[in-house]
Amino acid sequence: MKVQTGLRINPNPPLLSDEIIARARKLSTPLLSDVMGCFGAMDYTIKSVSPGMKVFGTAITVSLRPGDNLFLHKALYSAQKGYVLVIDGKGHTKNAPFGEILARAAISVGIEGIVLDGVARDRAALIKLGLPVFTKGFVPTGGDKDGPGEINVNISCGGVSVAPGDLIAADDDGVVVVPRDRIEQVLELAEKKALQEEKRIQDIISGNLKPSWFETKWQQYK
């Protein structure tokens with residue numbers, strides 16, 4: 001670990017296995033959030049820059065000073081395929097720490113996607129490039145490159161705690177964080193729920209509209 005003037009720059013966490021990522025890709029953020037007790041989902045304002053974008057990968061966390069992106073540069077250049085940059089921009093909306101130039105660099109590095117609690121810029125270019133970027137919105141204003149910041153420490157992003165190495169799943173419904181020590185359990189539960197929901201859909205198609213739990217729950221209102 002490198003420590004400089006009280007700032008932490010920690011090594012990147014081990015990548016999650018290809019098997020874990022492949023299993024996660026077959027699921028959705030609602031399924032993952034449901035089996036975690038409806039927790040783990042970031043604030044609704046953090047959305048993809050374009051419909052249809054999905055990202056599944058291992059979190060590299062970055063804490064920025066509002067309006068600055070020096071430590072984002074450092075984290076990006078140190079990353080590789082399989083990682084998702086999760087950036088605590090402190091919800092700052094006056095300056096954009098991420099845009100086309102960094103998106104092109106991220107694609108060259110092989111980064112799976114970007115999740116930013118803040119705003120980006122160059123929306124048209126980001127849509128054209130196709131890199132999965134999840135952000136609170138867009139402004140044209142750039143930011144500083146002075147720091148300070150931290151890399152691979154526990155952060156808060158979109159109201160959710162994120163640790164380096166957590167599983168990040170994002171799609172049109174938003175972004176969900178699965179703690180690394182719960183990944184296997186959560187995937188198993190989500191896979192079972194996916195099968196249950198598919199059966200429920202088939203029941204509805206067959207004309208059986210009411211779920212099995214409905215009458216019991218409804219008794220309290222009779």
Side-chain angles (χ1 to χ4, degrees), residues 1-5 7-16 21 42 46-50 53-93 95-158 160 162-170 175 177 180:
M1 179 179 71
K2 178 178 179 181
V3 179
Q4 180 179 4
T5 321
L7 306 181
R8 292 172 290 175
I9 303 176
N10 295 321
N12 290 337
L15 283 166
L16 296 168
I21 299 302
M42 292 188 185
I46 299 180
K47 295 295 185 185
S48 63
V49 303
S50 181
M53 287 184 167
K54 295 183 179 182
V55 61
F56 299 86
T58 309
I60 287 178
T61 60
V62 188
S63 177
L64 301 180
R65 178 176 67 81
D68 191 279
N69 72 357
L70 177 63
F71 278 65
L72 172 53
H73 277 264
K74 173 61 177 175
L76 190 156
Y77 304 145
S78 303
Q80 67 184 69
K81 183 174 175 58
Y83 286 115
V84 179
L85 291 189
V86 184
I87 306 151
D88 177 12
K90 312 301 184 294
H92 184 75
T93 57
N95 305 85
F98 187 85
E100 179 183 3
I101 300 301
L102 279 179
R104 289 184 178 274
I107 291 169
S108 295
V109 170
I111 289 172
E112 304 297 323
I114 305 290
V115 177
L116 169 62
D117 192 346
V119 291
R121 65 178 183 174
D122 305 321
R123 182 177 187 178
L126 294 183
I127 293 172
K128 184 176 181 180
L129 287 170
L131 175 72
V133 176
F134 291 73
T135 181
K136 296 181 78 170
F138 295 88
V139 295
T141 313
D144 300 325
K145 294 173 173 56
D146 301 314
E150 295 179 299
I151 298 172
N152 285 321
V153 299
N154 291 347
I155 63 169
S156 176
C157 186
V160 177
V162 189
D166 286 348
L167 171 63
I168 304 300
V175 184
V177 181
R180 192 173 188 119

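Note that these values count all heavy atoms, side chains included, but never hydrogens, waters or copies made by symmetry.
Looking at residues two or more places apart in sequence or on another chain, you find no salt bridge (Lys or Arg N to Asp or Glu O under 4.0 Å) involving K74. Residues forming a ring pair (Phe, Tyr, Trp, His ring centres under 6.0 Å) with Y77 (at least two apart in sequence, or on another chain): H73. Remark: N95 engages H92, T141 in a side chain to side chain contact (heavy atoms under 4.5 Å, CB included) (not counting sequence neighbours). Taking S63 as the reference, K90 meet the side-chain hydrogen bond (donor to acceptor under 3.5 Å, both in side chains) condition, with sequence neighbours excluded. Evaluation of the side chain to side chain contact (heavy atoms under 4.5 Å, CB included) rule for K128 yields no partner, not counting sequence neighbours. Applying the salt bridge (Lys or Arg N to Asp or Glu O under 4.0 Å) test to D117 and every residue at least two apart in sequence or in another chain returns K136. Scored by the side chain to side chain contact (heavy atoms under 4.5 Å, CB included) test, S48 finds M53, F134, D172 as partners (sequence neighbours excluded). Scored by the side-chain hydrogen bond (donor to acceptor under 3.5 Å, both in side chains) test, D122 finds no partners at all (sequence neighbours excluded).
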Working for side-chain contact (heavy atoms from CB on, under 4.5 Å), residues D88 and L116: CA-CA 6 Å; D88 177 12; L116 169 62; over 6 Å; no
CA sep, side-chain torsions, deciding dist, call: V86, V62, side-chain contact (heavy atoms from CB on, under 4.5 Å): CA-CA 6 Å; V86 184; V62 188; over 6 Å; no
Evaluation steps, side-chain contact (heavy atoms from CB on, under 4.5 Å), between L72 and K145: CA-CA 9 Å; L72 172 53; K145 294 173 173 56; over 6 Å; no
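Inter-residue side-chain proximity for P11 and N152 is flagged as unmet; no heavy-atom pair is nearer than 4.5 Å. Using a 4.5 Å heavy-atom cutoff, the side chains of F98 and V119 are not in contact. Looking at heavy atoms from C-beta onward, T61 lies out of side-chain contact with N154 at the 4.5 angstrom threshold. Looking only at side-chain heavy atoms (C-beta outward), I168 and E112 stay at 4.5 Å or farther from each other. Residues V115 and L85 form no side-chain contact, since every pair of their non-hydrogen atoms from C-beta on lies 4.5 Å or further apart. No side-chain heavy atom of V84 sits under 4.5 Å from any side-chain heavy atom of I114. Under the 4.5 Å side-chain criterion, counting only non-hydrogen atoms from C-beta, I87 is in contact with L64. Annotation: side chain of K47 is not in contact with side chain of V175 (no heavy-atom distance under 4.5 Å).
Considering all non-hydrogen atoms of both residues, G57 and L16 come closest at O-CD1, 4.3 Å. Taking all atoms of both residues into account, the shortest heavy-atom contact from A59 to P13 is O-CG, 3.4 Å. Nearest heavy atoms, A75 versus I60: CB-CG2, 4.4 Å. Across all non-hydrogen atoms, the minimal contact from L102 to P97 is CD1-O, 3.4 Å. Of all heavy-atom pairs between S78 and N12, the closest is O-ND2, 2.9 Å. Between C157 and V162, the shortest heavy-atom distance links the atoms CB-CG2, 4.1 Å.
In terms of modelled atom types and a separation under 3.5 Å, the side chain of D166 and the main chain of R180 share a donor-acceptor contact. Under a 3.5 Å cut-off, the side chain of R121 and the backbone N or O of F138 do not form any donor-acceptor pair. Side chain of Y83 to main chain of L76: no donor-acceptor pair is present (N/O by atom type, distance under 3.5 Å, no hydrogens or angles).
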Listed pairs under 3.5 Å, donor-acceptor, residues 103-110 side chains, sequence neighbours left out:
| residue | atom | partner | partner atom | Å |
| --- | --- | --- | --- | --- |
| R104 | NE | E100 | OE2 | 3.0 |
| R104 | NH2 | E100 | OE2 | 3.1 |
| S108 | OG | R104 | O | 3.1 |

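Rounded to the nearest 0.5 angstrom, I9 CD1 and I151 CD1 are separated by 5.0 Å. Going from atom CG of L15 over to atom NZ of K81 covers 10.0 Å, rounded to the nearest 0.5 Å. With values rounded to the nearest 0.5 angstrom, L126 atom CG is found 10.0 Å from S50 atom OG.
The salt bridge (Lys or Arg N to Asp or Glu O under 4.0 Å) analysis of residues 62-71, with sequence neighbours excluded, yields the pairs R65-D68, R65-D144.
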